[in-house]
Amino acid sequence: TKLIRSDCSITFLIDLEVVHSTKHVPVRAAYSPLPTMAMAGETLPTCLLRHAERTPGKVFLEVWGEEEGVSLQVTFAELADCMLSGAQWLRAATGLQRGDYCAMLAHNSVGYLSISLGAMALGAISLNLNWRQPEATTRTLLEDLAPRVLVASKPFKGTATAMHKALGIKMVLIESI
């Protein structure tokens, strides 16, 4: 994590790991912990929509690799559109609504972020599962929280299918968006 000071705020550049195509690539996202970024009581989706309105062309996320450099840039407006599309898809495909849990079992990606934010935009709780955890731990979490839906990416289809069969949780693949 690298700290950057600008004229009006402090921003952290956070290095993450995201799956792009079939390989993991680093991602850099800007994060500002100051009140100028979010107002008290404001949800993350509301904050994103506000920033998309004020600075639609500002880059929110970059996907890059050591060899190819920046391979994808996502602006606030593009991410807001993805979030709203994710929310519409979740409601139509799964019936997700306010107060429901939406479990996510996937590598980090723009699609993952879109679905997670989309769930929050609907007032649902995004339950972001750690794909590195043992399957028994994932099962325990799902048993305890009883999500309405489990959204998984293809590499975790087997685990998600097993959870669907054992617990009766509706399962959808993130690639079907």
Side-chain angles (χ1 to χ4, degrees), residues 14 16-20 24 27 29-33 37-54 56 59-63 72 74-133 135 137-177:
I14 303 169
L16 307 167
E17 189 177 282
V18 171
V19 173
H20 183 65
H24 293 270
V27 167
Y31 168 72
S32 174
M37 192 67 172
M39 297 177 198
E42 187 175 40
T43 66
L44 187 56
T46 303
C47 182
L48 175 59
L49 290 171
R50 184 169 50 82
H51 278 280
E53 187 176 308
R54 285 192 354 206
V59 174
F60 174 81
L61 180 91
E62 288 183 338
V63 177
L72 175 68
V74 180
T75 65
F76 278 96
E78 290 168 334
L79 186 58
D81 286 344
C82 288
M83 174 188 71
L84 295 173
S85 295
Q88 290 173 345
W89 177 80
L90 280 168
R91 181 174 284 153
T94 69
L96 193 70
Q97 55 191 331
R98 177 174 295 283
D100 288 338
Y101 282 96
C102 175
M104 302 279 300
L105 184 59
H107 290 118
N108 294 331
S109 67
V110 175
Y112 177 98
L113 193 55
S114 300
I115 295 300
S116 185
L117 289 169
M120 290 181 228
L122 292 173
I125 298 103
S126 182
L127 174 59
N128 302 307
L129 301 168
N130 183 342
W131 55 268
R132 291 181 179 103
Q133 288 183 165
E135 192 172 308
T137 304
T138 300
R139 182 181 175 135
T140 299
L141 285 168
L142 295 175
E143 286 173 340
D144 288 348
L145 296 171
R148 175 179 288 269
V149 63
L150 171 59
V151 180
S153 61
K154 283 183 183 176
F156 307 106
K157 183 178 180 180
T159 300
T161 301
M163 298 298 145
H164 163 71
K165 289 179 179 175
L167 305 173
I169 300 168
K170 182 176 178 97
M171 183 203 71
V172 292
L173 291 177
I174 201 167
E175 290 84 3
S176 66
I177 299 173

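All values reported here derive from a predicted model rather than from experimental measurement.
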Q: State, to 0.1 Å, how close A87 and A121 come at their nearest heavy-atom pair, and which atoms those are.
A: CB-CB, 4.4 Å
Q.
Are Q133 and L141 packed together at the side-chain level, in the sense that at least one heavy-atom pair is separated by less than 4.5 angstrom?
A. yes
Q | Side chain to side chain, L49 and L84, heavy atoms closer than 4.5 Å | A | yes
Q.
Counting only heavy atoms from other residues, nucleotides and ligands, does the tally under 6.0 Å from CZ of R91 exceed 12?
A. no
Q. To the nearest 0.5 Å, what is the distance between SG (C82) and CG (L117)?
A. 9.5 Å
**Q.** Considering all heavy atoms, the nearest A160-M171 contact
**A.** CB-SD, 3.3 Å
Q: Just say parallel, tilted or perpendicular for the rings of H107 and W131, cut-offs at 30° and 60°.
A: perpendicular
Q.
For P56, is there any backbone N or O sitting under 3.5 Å from a side-chain donor or acceptor partner on T75?
A. yes
Q) Quick one: do E135 and R139 make a salt bridge, cutoff under 4.0 Å? A) no
**Q.** All pairs passing salt bridge (charged side-chain N to carboxylate O under 4.0 Å, His left out) where residues 153-165 contributes a residue, at least two apart
**A.** none
Q | From CG (L79) to CG (L48), nearest 0.5 Å | A | 5.0 Å
Q.
Let's go through V151 and L90 carefully: what are the C-alpha distance in whole Å and the side-chain angles of both, what is the deciding distance for side-chain contact (heavy atoms from CB on, under 4.5 Å) to 0.1 Å, and is it a yes or a no?
A. CA-CA 9 Å; V151 180; L90 280 168; 4.2 Å; yes
**Q.** D100 side chain reached by T94 side chain, heavy atoms, under 4.5 Å
**A.** no
Q: Give a yes or no on this: more than 12 heavy atoms of other residues, nucleotides or ligands lie within 6.0 Å of atom CD of E53.
A: no
Q) If every non-hydrogen atom of S116 is compared with every non-hydrogen atom of M104, which pair is closest and at what distance? A) N-CE, 4.2 Å
**Q.** Atom of L96, atom of A119 and distance for their closest heavy-atom approach
**A.** CD2-CB, 3.9 Å
Q. How long is the span from the CG atom in L105 to the CG atom in L150, to the nearest 0.5 Å?
A. 6.0 Å
Q | Side-chain touch R148/C102, heavy atoms, less than 4.5 angstrom | A | no
Q: Taking all heavy atoms of L145 and all of Y101, pick out the closest pair and write down the distance.
A: O-CD1, 3.5 Å
**Q.** Any donor-acceptor N/O pair, S126 side chain to N128 backbone, under 3.5 Å
**A.** no
Q.
Under the criterion side-chain contact (heavy atoms from CB on, under 4.5 Å), I'd like the reasoning laid out for L61 against E78: C-alpha separation, chi angles, the key distance, then a yes or no.
A. CA-CA 10 Å; L61 180 91; E78 290 168 334; over 6 Å; no
Q.
One pair to check against side-chain contact (heavy atoms from CB on, under 4.5 Å): F156 and L129. What are the steps and the verdict?
A. CA-CA 11 Å; F156 307 106; L129 301 168; over 6 Å; no
(Q) Please give me the minimum heavy-atom distance between G99 and I125, naming the atom from each residue. (A) O-CD1, 3.5 Å
Q: Mind running side-chain contact (heavy atoms from CB on, under 4.5 Å) on M120 and M83 for me, showing each step along the way?
A: CA-CA 9 Å; M120 290 181 228; M83 174 188 71; over 6 Å; no
Q: Could you tell me the separation between the CZ atom of R132 and the OG1 atom of T138, rounded to the nearest 0.5 Å?
A: 12.5 Å
